[in-house]
2 protein chains.
Amino acid sequence: MTPGIPPRPGGRSARVRAAVHRAVEELLTESSPEALTMPVIAARAGVHPTTVYRRWGTLGELLASVAASRFSGDIVVPDTGSLRGDLETWMADVATDLADPDTLAVMRAAIGVGEEGGCACVADRHAQLAAILERGGGAPDVERAADLLLGPLYYRAIFTGRPADADWARGLVSVLLG
Amino acid sequence: MTPGIPPRPGGRSARVRAAVHRAVEELLTESSPEALTMPVIAARAGVHPTTVYRRWGTLGELLASVAASRFSGDIVVPDTGSLRGDLETWMADVATDLADPDTLAVMRAAIGVGEEGGCACVADRHAQLAAILERGGGAPDVERAADLLLGPLYYRAIFTGRPADADWARGLVSVLLG
DNA sequence: TCCCTAACGCAACGATCGCTGCAGAACTGG
DNA sequence: CCAGTTCTGCAGCGATCGTTGCGTTAGGGA
């Protein structure tokens, strides 16, 4: 989701970006999503509000950016030797990630601002799932796997209060593979 | 989700409530969720902003109220004689409901404001599912049915751009019942 | 090392938000 | 029909939001 390659990836720009992203995540965990405004984020990040407005423009774009960063590169595709093993390990990792209230708050907020926000949360997951399945010969369709694995997992995380534990998530693999 | 029984269910109060709910749904379809503020809603509803603030207090509570109304009483539990038939018919209805962009916008917005909002969207669905399964002898667990039926359905609706058609939703019943 | 561009801080502005008195209108029950 | 209660409209307020122009600072390339 990084827009091309930033002209200046390192230095102050990177620090500001990290500080703002961190501020958004922190504020989402400790207060209501409605209290999340640009000036508040800027104050928490130790940055001038103008900077936030100029770099991200809208709260929606900022949240999409945070979601994309938060849900990228944090989970590595496992390699256990078997398709079932890979899926089980990966599902446990994803479930553990979703069990974090911070992660959940970011996801809820990103969904609330439009279509792009929701997609930013799962784009990397779909890519990982495709990689696992392709290595396994593409036996189950990626679409079907996403429906039966990611579907229940994210549904529970968002709509029901109960957290989805890793064991239960692993059990979903049996539904898919039989 | 209706707080007890409103002291005055009929008359002007009901008209105002309906107008405000309708305004929220309309505004969510035609503009960004960030543009959804109390004064804007009041203006569209032809009501004074003070009224909206006093009756609902927060945009979050208003959205939760709208979601609860929108996702209650719109789908009737079918009775085809067989558990499979009931589930297939019901799933097709739910999928059709979710295919409406208006419905989707309300759901996204409700999710964005916190935990209660998400639960308000599916509380009635869970009750309906429980009713269907209980009549069928409670063969599959309600939890499992919700995971395998509602999970993929809502996941597709929220995260992926593709709408979930009724036929595909019916196919999920086969995964659950075998 | 020096220059040049991009990014940031600062200050001010108009617009909007959310809230709070008070007065009038509408609905319900007798 | 009338009285009591509840709900709504109105006007105004302080606070905050989002934007803009300009000067300054930090990073990267020759």
Side-chain angles (χ1 to χ4, degrees), chain A residues 1-24 26-28 30-66 69 109 112-114 117, chain B residues 1-24 26-28 30-66 69 109 112-114 117:
Chain A
M1 191 53 67
T2 312
I5 296 178
R8 288 182 174 179
R12 189 161 70 159
S13 293
R15 281 199 303 273
V16 168
R17 174 184 290 258
V20 171
H21 278 209
R22 181 193 190 89
V24 169
E26 288 179 3
L27 289 170
L28 276 176
E30 60 195 47
S31 61
S32 166
E34 308 179 41
L36 195 75
T37 62
M38 297 292 235
V40 172
I41 294 169
R44 170 62 68 99
V47 167
H48 204 272
T50 314
T51 302
V52 183
Y53 283 116
R54 276 202 266 252
R55 273 178 73 105
W56 287 277
T58 312
L59 181 62
E61 300 179 44
L62 173 55
L63 278 174
S65 170
V66 171
S69 295
V113 297
Chain B
M1 190 53 66
T2 312
I5 295 176
R8 289 182 174 179
R12 189 161 69 157
S13 292
R15 281 199 302 273
V16 168
R17 173 184 291 258
V20 171
H21 278 209
R22 181 193 190 87
V24 170
E26 288 180 1
L27 289 170
L28 277 177
E30 60 196 48
S31 61
S32 167
E34 308 178 40
L36 195 75
T37 62
M38 296 294 234
V40 172
I41 295 169
R44 170 62 68 99
V47 167
H48 205 271
T50 314
T51 302
V52 183
Y53 283 116
R54 277 201 267 253
R55 273 175 73 102
W56 288 278
T58 313
L59 181 62
E61 300 178 44
L62 173 54
L63 277 174
S65 170
V66 171
S69 295
V113 298

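In what follows, chains are A, B, ... by sequence order, proteins preceding strands, each numbered from 1.
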Let me know the distance between [atom1] of [X] and [atom2] of [N], rounded to the nearest Å.
X: A:Met38; N: C:dA15; atom1: CE; atom2: P; result: 21 Å
X: B:Arg54; N: C:dG24; atom1: CZ; atom2: C1'; result: 13 Å
X: B:Leu62; N: C:dG18; atom1: CG; atom2: C1'; result: 14 Å
X: A:Leu59; N: D:dT19; atom1: CG; atom2: C1'; result: 16 Å
X: A:Arg55; N: C:dA6; atom1: CZ; atom2: C1'; result: 11 Å

For A:His48 and for B:Gly57, find the nucleotide of DNA chain C with the closest heavy atom, then tell me which residue's nucleotide is more 5'.
A:His48
Would you indicate what B:Val40 reaches in the nucleic acid, counting non-hydrogen atoms under 4.0 angstrom: base, sugar-phosphate, or nothing?
sugar-phosphate
Tested for side chain to side chain contact (heavy atoms under 4.5 Å, CB included) against A:Val113, the lone hit among A:Leu62, A:Leu59, A:Leu63 is A:Leu63
Given [options], which nucleotide is nearest the side-chain atoms of [X]?
X: A:Tyr53; options: D:dC10, D:dT19, D:dC7; result: D:dT19
X: A:Thr51; options: D:dT8, D:dG18, C:dG9; result: C:dG9
X: A:Thr37; options: D:dG18, D:dC17, C:dC8; result: D:dC17
X: A:Arg12; options: C:dC27, D:dT25, D:dG21; result: D:dT25

Keeping the roles fixed (side chain from A:Ser31, backbone from A:Leu27), state whether a donor-acceptor pair exists under 3.5 Å.
yes
Does A:Gly60 offer a backbone N or O that forms a donor-acceptor pair with the side chain of A:Thr58 under 3.5 Å?
no
Between A:Met38 and A:Gly57, what is the shortest heavy-atom contact and its length?
CE-O, 3.7 Å
For C:dA7 and A:Arg15 - does any side-chain N or O of the residue sit under 4.0 Å from the phosphate oxygens OP1/OP2?
no
Would you tell me if any nitrogen or oxygen in the side chain of A:Thr50 comes within less than 4.0 Å of OP1 or OP2 on C:dC8?
no
Relative to the 5' end of DNA chain D, which residue comes earlier, B:Pro49 or A:Pro49, by the nucleotide with the nearest heavy atom?
B:Pro49
Any salt bridge linking B:Arg44 with B:Glu30? Criterion: basic side-chain nitrogen under 4.0 Å from a carboxylate oxygen.
yes
